[in-house]
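See below for the structure under consideration.
Read the numbers this way: they start at 1 and go in the same order the structure lists the ligands and their atoms.
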Amino acid sequence: MPQLAYVDGRITALRDATVHVEDRGLQFADALYEVAAVMNGELLDWEPHLARLRRNCAAIFIDFPMTDAALTAQAKRLVAANGHKDALLYLQLSRGVAKRDHSFPSAPRASLIMTVRRFDFAQRIGQQKTGVGVITVNDMRWQRVDMKTTGLLANVLAKQDAKAAGAFEAWMVSADGIVREGGSTNAYIVKDGAIITHPLSAHILPGIARATLLRLARDAQMTVIERPFSLDEALAADEALLTSTTAPLLPVVRIDGRPVGSGTPGPVAGRLAALVWDEIARQTGWRR
Ligand SMILES: Cc1ncc(COP(=O)(O)O)c(C=O)c1O
């Protein structure tokens with residue numbers, strides 16, 4: 001069965017799906033995106049993804065007239081048409097097509113594209129047992145990374161550095177030594193049983209997996225502290241973790257080649273992972 005994509009209302013074969021050369025997403029990264037997990041054929045945490053997209057539309061003044069119900073129906077239609085039980089839904093909304101000029105066009109019509117790619121979530125179970133390594137890089141991004149825009153060049157370069165170093169992720173560190181987040185994941189440390197993560201601000205993306213993790217941890221009476229932490233603190237932590245849609249929870253066991261705690265996944269990561277997979281099973285019926 002051919003891979004299918006959605007382009008402004010039409011589902012077509014992925015290989016034939018194209019956008020206009022004057023799409024502002026292409027020329028200015030004047031576009032927003034979301035990546036949602038499809039597990040056991042069901043969209044995970046879809047409402048929070050929609051809510052984040054709507055918030056970002058308002059923040060950058062993209063007028064997207066499609067209702068949430070219509071967008072949900074189109075997304076589900078594409079997921080069903082592609083037929084993968086475990087996949088990632090990619091959704092990108094640009095300000096539309098217009099003659100190249102930085103300021104907004106006078107009558108923009110937002111353009112929406114979506115793709116669905118098969119994705120192996122079960123690989124995360126194995127990685128959870130061994131843990132993963134991260135490297136650190138300077139956070140070179142602009143000052144509104146809370147908005148999920150397609151302007152991801154700094155993240156691309158950071159993640160390429162991680163790949164070249166054989167690491168899973170690159171943690172982006174501010175000029176004053178604060179660990180912000182990973183190139184495509186949120187970052188946490190554990191000290192004396194407390195889960196510590198950067199507070200929501202313009203400096204991090206408000207991850208959907210982050211929100212889920214913090215809710216589950218608090219519901220389980222675990223201590224969660226939302227405050228900035230430094231790279232030095234991370235190196236002296238008992239445990240470290242990361243989360244994202246594509247990696248619901250992974251223990252971080254090495255930072256720049258140095259072991260975190262014992263250098264193996266710790267008990268807090270194990271407990272959190274169990275909570276996260278139970279929540280996924282509750283929402284989607286997905287089982288390891
Ligand atoms: C910079 C950044 N931080 C965090 C995340 C995790 O966000 P989510 O949990 O919504 O996938 C992402 C996801 O792509 C990201 O790009």
What protein heavy atom lies closest to [atom]? Include the residue and the distance to one decimal.
atom: atom 12 (C) of ligand 1; value: Ser184 O, 3.3 Å
atom: atom 7 (O) of ligand 1; value: Gly207 CA, 3.4 Å
atom: atom 11 (O) of ligand 1; value: Thr245 OG1, 2.7 Å

Salt-bridged, Asp161 to Lys159, with N to O below 4.0 Å?
no
Salt-bridge contact Arg215-Glu279 (side-chain N to carboxylate O under 4.0 Å):
yes
For Gly182, state whether at least one heavy atom is located under 4.0 Å from any atom of ligand 1.
yes
Heavy-atom gap Pro206 to ligand 1 smaller than 4.0 Å
no
As a check for students: among His49, Arg52, Glu181, identify the option with a heavy atom nearest to atom 4 (C) of ligand 1.
Glu181
Hey, which atoms in ligand 1 end up nearer than 4.0 Å to a heavy atom of Asn155?
1 (C)
For ligand 1, which atoms, with element, lie under 4.0 Å from some heavy atom of Asn186?
4 (C), 6 (C)
Answer yes or no: does an N/O atom from [X] fall short of 3.5 Å to an N/O atom of ligand 1?
X: Ile208; value: yes
X: Lys148; value: yes
X: Ala209; value: yes

If the condition is side chain to side chain contact (heavy atoms under 4.5 Å, CB included), which residues does Thr67 pass it with, not counting sequence neighbours?
Ala69, Ala70
Can you tell me which portion of Val35 lies within the under-4.0 Å heavy-atom range of ligand 1? Options are side chain, backbone, both, or neither.
neither
Side chains of [X] and [Y]: do they bring a donor and an acceptor to under 3.5 Å?
X: Thr136; Y: Asp256; result: yes
X: Gln3; Y: His84; result: yes
X: Ser174; Y: Asp176; result: yes

Parallel, tilted or perpendicular for Trp46 and His49, by the 30°/60° rule?
tilted
Test applied, side chain to side chain donor-acceptor pair (under 3.5 Å); reference residue, Glu181; option that passes from Arg141, His203, His198
Arg141
